[in-house]
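Inspection log for the structure reproduced underneath, given as structure tokens.
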Amino acid sequence: MLLIASLIIIFIAAFVAPLVCRYLKRGEGYVLAVAPLLAFVAIASQIPFVGSGVNVHFSFEWFSALGVALDFKLDGLAMLMALLVTGVGTLIVIYAGGYMHGHPQLGRFFLYLLSFMGAMLGLVLSDNLLLLFVFWELTSITSYLLIGFNHEQKESRWKALQALLITGFGAVAMLAGFILIGIVAGTYNLTEINLMSMDIESVREIFHSSPLYTAIVVLVLLGAFTKSAQVPFHFWLPNAMAAPTPVSAYLHSATMVKAGVFLLARLNPALGGSMSWSWTLTIFGSITLLLAVALGLFQTDLKRILAYTTLAVLGMLTMLIGVGTEMAIQSMVIFLLGHALYKAALFMTAGSIDHETGTRDVTVLRGLRGVMPITATAACLAALSKSGFPPFFGFVGKEYVYKAGVGMEGVAQYVLGAAFIGNLIILALAFKAGVAPFFGKLKAELPKKPHEAPMSMWLGPIILGVLGLVLGLFPILVSSSLIAPAVSAIEGQPVELSVKLWHGINLPLLISMATLAGGLVVFSFRKAVWSRADEILTAIRPYGAEAAYERLFNGVVWFSKAQTRWLQSGYLHHYVFTVVITAAGFLLWALTKFGGLSFDIDWVNFDILTAGLVLVMIISTCVAATTESRITALVALGVIGFGVALIFVYFGAPDLAITQLLVETLVVVLFMFVIVRLPTFKSYSTKATKIRDGILACGFGLLMTVMVLKAVNIQFDHPIAEKLAEMSYPEAKGKNVVNVILVDFRAIDTFGEIVVVTTAALGIAALVSTRFKKGKEATK
């Protein structure tokens with residue numbers, strides 16, 4: 001019940017947040033932070049159980065017919081992610097209270113933020129694929145609201161829509177992949193999918209041998225790649241910097257952008273181990289890593305620098321899952337935890353700099369340590385951890401990444417090179433964002449006179465910065481309690497490990513030292529890079545993924561306008577033409593797919609009288625369609641209607657014939673009242689349009705004729721007429737089967753038809769009456 005209680009308390013806090021902000025004038029963040037803090041404590045209380053290999057489950061039947069249940073599970077991976085979501089979330093809520101203080105829509109902001117937090121917590125705790133998808137989409141919707149929170153700005157609205165469309169596209173593909181997984185496994189429960197009462201190799205063999213496996217991998221990776229911004233969907237993540245800084249800090253450190261990585265890790269026991277899975281993740285992850293750090297070099301905005309380093313780390317994590325060795329998974333988990341700590345701290349310090357100086361431009365930010373000493377301390381601690389300096393936890397993560405690549409062949413060597421280049425440039429970017437703004441000479445031309453941020457804004461960065469140092473010095477604090485259980489969950493089998501800071505002088509350590517030296521060299525050339533930043537970014541932008549997205553988006557908009565102009569033209573004959581040709585197309589497809597156009601005609605029972613009557617009706621149809629006299633057209637339509645009535649009589653359906661005669665007579669009379677008062681007939685259609693419409697009408701009529709001929713020869717079961725005849729007298733006490741059908745078996749349908757006909761008749765009578773009155777008044 002602790003899992004459900006943790007979710008409920010956060011969603012309750014979300015919906016009471018507007019009331020809290022309305023009645024409290026200060027301290028809203030501290031009050032609302034109680035909810036995620038309680039959830040954090042509740043989840044942390046389960047560490048002893050999860051650390052010993054006992055998973056916590058909660059299940060409630062939801063939709064048994066579809067195999068959907070409210071299944072929640074707290075295993076090692078879910079534990080790590082849930083603690084990050086709630087722990088970092090608590091600090092972010094406090095920070096947001098100070099950063100957004102006085103904002104007129106503060107209550108709405110906290111509603112969105114806490115709703116997102118609840119959705120993310122539900123996502124990582126879900127043990128059912130369809131339930132996971134529900135929370136996945138809820139994170140997309142709430143992140144859309146958060147990114148576009150400053151909705152009065154066009155840029156915010158555009159970037160929010162961009163993120164929603166890209167992640168939404170991936171989610172639809174992912175849902176299809178989930179359905180295919182359910183087909184192969186026979187269940188949507190994640191625990192059952194990953195285990196299925198057998199060892200991990202047997203589970204993988206079932207999936208790998210399935211003909212649906214390739215489709216599953218492609219669809220699931222589309223969902224994960226769009227969410228975690230892998231190439232070519234990477235551009236939405238830096239653009240999400242249009243959101244307020246607390247949103248950027250939360251989404252980029254511990255939550256949304258890691259949802260895709262979480263999904264890959266969660267499904268690794270079942271889908272991992274194949275070449276298609278490993279190579280796809282490794283290649284796309286490494287490309288994302290290298291592209292992100294390359295683009296990050298040219299950024300001068302604090303938040304965008306940090307956004308590109310987040311993108312790089314997401315590529316690193318994806319790449320390590322692709323490698324799939326036990327050491328690679330260990331390094332992935334360590335790197336994920338370390339990144340959450342230092343990235344949230346750096347984003348919050350960036351927000352504090354912007355809040356207190358009025359700018360995020362690193363080319364003008366200098367010497368802030370004297371006026372913002374606490375913020376400077378937190379930023380430097382986080383930047384050193386991000387850079388991989390010992391003895392910070394970031395150094396531990398980097399060491400394990402290098403250990404995963406050293407001594408291995410093939411793809412791992414490629415990973416080692418990508419990781420080295422990535423970490424080297426990440427160090428330079430970390431110094432640009434977390435160190436450089438605080439050293440040097442303070443510039444006097446800043447938009448605002450800088451001063452230290454309030455406690456609510458430096459409390460979180462200090463805690464996270466110090467935590468990165470403490471965990472680096474004493475990794476044993478999380479080694480067996482968090483990291484080992486998470487690795488076990490990803491590997492699908494128990495794993496024992498001991499994370500250490502010092503492994504002696506070895507090749508990974510030498511590579512780390514080379515990384516530090518190279519990163520500092522790159523950092524020293526930052527001004528030379530900035531001088532050409534605008535030129536280079538402008539040159540490459542037309543060829544990037546974002547430009548392709550914009551062209552696709554504009555193309556879709558153009559197509560939607562074009563088809564709207566056609567479908568909503570305002571001309572009735574356009575509507576009829578579109579409906580008829582669409583229906584004809586689907587019917588023709590169905591005919592050719594199911595049995596073709598072949599059919600049998602019983603020429604033995606050919607009747608000359610019926611044929612003559614049909615011929616008269618065809619001639620009347622042609623007259624009605626070609627005449628320019630409304631009276632002649634009406635008479636021709638009447639002939640068609642009376643001809644149908646005669647056919648009913650001939651084939652023994654006098655009741656239908658009487659109904660047809662009554663309706664036809666009523667229609668002809670009422671139409672006559674209207675027609676005699678209409679102006680002179682005038683043709684608005686060209687000859688070509690008439691020919692086109694005639695061809696379409698003849699084609700559709702021929703198609704319906706073929707369908708009727710095929711229907712005559714199709715009999716799936718005994719004729720229903722026999723059953724209705726048997727039921728007519730015993731159940732309805734009627735000897736006339738047709739009457740019984742109309743009055744008893746289809747009473748509601750018949751009543752509806754009567755209502756429709758009566759309503760139409762009354763409407764026509766009202767129109768005729770109105771025109772008659774107007775005519776009399778005009779005569780007077």
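Numbers here simply count residues along the sequence, with the first being 1.
Using a distance-only test at 3.5 Å, with no hydrogens or angles considered, a donor-acceptor pair links the side chain of Y213 to the main chain of L271. Judged purely by atom type and a 3.5 angstrom limit, K386 has no side-chain atom pairing as donor or acceptor with the backbone of A430. Judged purely by atom type and a 3.5 angstrom limit, E192 has no side-chain atom pairing as donor or acceptor with the backbone of Y188. Remark: side-chain polar atoms of S385 are paired, donor with acceptor, to backbone N or O of G394 under 3.5 angstrom. The closest donor-acceptor contact from the side chain of N194 to the backbone of G492 lies at 3.5 Å or more, if one exists at all. Here the side chain of R541 pairs no donor or acceptor atom with the backbone of T538 at under 3.5 angstrom. The backbone N or O of S488 lies less than 3.5 Å from no partner atom in the side chain of E491, so there is not a single donor-acceptor pair. Between the side chain of S286 and the backbone N or O of I283 there is at least one donor-acceptor pair closer than 3.5 Å. The backbone N or O of Q299 lies less than 3.5 Å from a partner atom in the side chain of K432, making a donor-acceptor pair. Side-chain atoms of N268 come within 3.5 Å of backbone N or O of I490 as a donor-acceptor pair.
In this structure the side chain of M348 reaches within 4.5 angstrom of the side chain of L464, judged on heavy atoms.
Here R360 pairs with D301, D354 under the salt bridge (charged side-chain N to carboxylate O under 4.0 Å, His left out) rule; sequence neighbours left out. E326 meets the salt bridge (charged side-chain N to carboxylate O under 4.0 Å, His left out) test with no other residue; sequence neighbours excluded.
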Hey, can you pull the donor-acceptor pairs under 3.5 Å for the side chains in residues 218-230, sequence neighbours left out?
from : atom 1 : to   : atom 2 : distance (Å)
T226 : OG1    : L222 : O      : 2.9
T226 : OG1    : G223 : O      : 3.0
K227 : NZ     : W136 : O      : 3.2
K227 : NZ     : T139 : OG1    : 2.9
K227 : NZ     : S140 : OG     : 2.7
S228 : OG     : V257 : O      : 2.5
S228 : OG     : G260 : N      : 3.1
S228 : OG     : V261 : N      : 3.1
Q230 : OE1    : T288 : OG1    : 3.3
Q230 : NE2    : S228 : O      : 3.1

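Contact between A547 and P542 at its shortest, heavy atoms only, is CB-O, 3.6 Å. For the residue pair T282 and G322, the shortest heavy atom distance occurs at OG1-C, 3.5 Å.
Ring geometry, Y95 versus Y99: the interplanar angle falls under 30°, so the pair is classed parallel (tilted spans 30 to 60°). Under the 30°/60° scheme for interplanar angles, the aromatic rings of Y549 and W158 are found to be tilted.
Counted within 6.0 Å of CZ on F420, heavy atoms from surrounding residues, nucleotides or ligands total more than 12; the atom is thus considered enclosed.
Cation-pi contact between K398 and F395: absent, since separation from the ring centre below 6.0 Å together with deviation from the ring axis within 45° is not met. Judged by a 6.0 Å distance limit and a 45° cone about the ring axis, R204 is not positioned over the six-membered ring of F207.
Counted by atom type alone, S331 and K403 present zero donor-acceptor pairs between their side chains at under 3.5 Å.
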